[in-house]
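Reading through the structure tokens given below for one structure.
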Amino acid sequence: YINFIIAIKSFIANPIFGSGLGSHAVSYFENVYNIPGAQSYPTSLYIGLNYNDANSLFFRILSETGLLGVGFLFYYIIKYYIPSYSSNMSLILISLMLVRNGNFINPEFFLFVYYYYFSKLNSIKNNTSK
């Protein structure tokens, strides 16, 4: 919940372009003490809450890239969507990673993003999609 609040505060401060890649940890430590009730807990509780990855890739994209990054994300998902079983599998896994995976560098994320893209190219090549 705290990472959600931090991501929203960072998004409100920089809604169009975000605060920059890798800046969620900086936003975390700037804003964690401004959350109601945060003053009653020791600092050590907040250090263990995964400040580096925001606990969600979507929150991190929202915080670090703003509307531009979120718009590109939705554009990519809609543009390369094909109504086939194999594409839906990668879309589900990408969606799950957006919900829980909090890091850009995971190789699995890029694997499924590439699979999603090349599934669309393959379907166009084989004329299986409209």
Side-chain angles (χ1 to χ4, degrees):
Y1 176 72
I2 289 176
N3 279 305
F4 170 71
I5 298 295
I6 300 297
I8 294 299
K9 285 183 180 239
S10 178
F11 174 72
I12 290 171
N14 303 302
I16 304 296
F17 297 110
S19 56
L21 291 176
S23 65
H24 182 77
V26 174
S27 297
Y28 182 90
F29 286 114
E30 286 177 356
N31 293 312
V32 72
Y33 301 107
N34 297 330
I35 296 174
Q39 296 81 12
S40 61
Y41 295 107
T43 307
S44 62
L45 287 176
Y46 293 109
I47 292 174
L49 288 176
N50 234 357
Y51 63 88
N52 283 324
D53 67 1
N55 289 340
S56 168
L57 186 57
F58 182 76
F59 291 160
R60 189 165 176 178
I61 289 172
L62 183 69
S63 171
E64 294 181 1
T65 62
L67 287 175
L68 186 68
V70 172
F72 178 75
L73 174 71
F74 287 124
Y75 171 77
Y76 184 84
I77 288 174
I78 292 168
K79 179 173 173 61
Y80 296 110
Y81 177 76
I82 54 174
S84 71
Y85 182 74
S86 62
S87 177
N88 289 337
M89 180 270 312
S90 60
L91 179 60
I92 289 171
L93 287 170
I94 290 170
S95 300
L96 288 173
M97 289 179 185
L98 286 171
V99 170
R100 185 57 187 103
N101 192 12
N103 202 342
F104 294 114
I105 305 172
N106 289 339
E108 301 89 17
F109 179 70
F110 289 113
L111 174 74
F112 289 111
V113 168
Y114 291 146
Y115 183 74
Y116 190 72
Y117 171 73
F118 286 116
S119 295
K120 178 67 172 187
L121 292 183
N122 193 29
S123 71
I124 291 171
K125 180 181 171 185
N126 295 330
N127 286 330
T128 58
S129 76
K130 297 177 181 178

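Closest non-hydrogen pair, Ser23 versus Ser19, comes out as OG-OG, 2.6 Å. Across every non-hydrogen atom of Tyr81 and Lys120, the tightest pair is O-NZ, 3.6 Å.
In this structure, Tyr117 contributes its side chain and Tyr80 its backbone to no donor-acceptor pair below 3.5 Å. In this structure a side-chain-to-backbone donor-acceptor pair under 3.5 Å is missing from Thr65 to Gly20. Judged by distance alone, the side chain of Ser63 and the main-chain N or O of Phe59 form no donor-acceptor pair under 3.5 Å. In this structure a side-chain-to-backbone donor-acceptor pair under 3.5 Å is missing from Ser10 to Ile6.
The shortest side-chain heavy-atom distance between Asn55 and Phe4 does not fall under the 4.5 Å cut-off. Between Ile82 and Ser119 there is a side-chain heavy-atom pair separated by less than 4.5 Å. Here the side chains of Ile16 and Leu68 are not in contact, with every heavy-atom distance at 4.5 Å or above.
Residues Tyr116 and Phe110 share a single hydrophobic cluster, defined by chaining ILVMFWY side chains whose heavy atoms lie under 4.5 Å apart. Under the 4.5 Å side-chain heavy-atom criterion for Ile, Leu, Val, Met, Phe, Trp and Tyr, Phe74 and Leu57 are members of the same hydrophobic cluster. Phe58 and Val99 fall into different hydrophobic clusters, where Ile, Leu, Val, Met, Phe, Trp and Tyr side chains are chained together by heavy-atom contacts under 4.5 Å. One hydrophobic cluster, built from ILVMFWY side chains closer than 4.5 Å, cannot hold both Val26 and Ile5; they sit in different ones.
In this structure, Tyr76 places its OH atom where more than 12 heavy-atom neighbours from other residues, nucleotides or ligands lie under 6.0 Å away.
Here the CD1 atom belonging to Ile77 is positioned 10.0 Å from the OG atom belonging to Ser90, to the nearest 0.5 angstrom. Interatomic distance, CD1 of Ile61 versus CG of Leu21, reported as 9.5 Å (0.5 Å rounding). To the nearest 0.5 angstrom, Lys79 atom NZ is 10.5 Å from Phe72 atom CZ. Rounded to the nearest 0.5 Å, atoms NZ (Lys9) and CG (Asn14) are 14.0 Å apart. From Ile12, atom CD1 reaches atom CG of Leu62 across 9.5 Å, with rounding to the nearest 0.5 Å. Taken to the nearest 0.5 Å, the CZ atom of Phe109 stands 8.0 Å off from the CG atom of Asn101.
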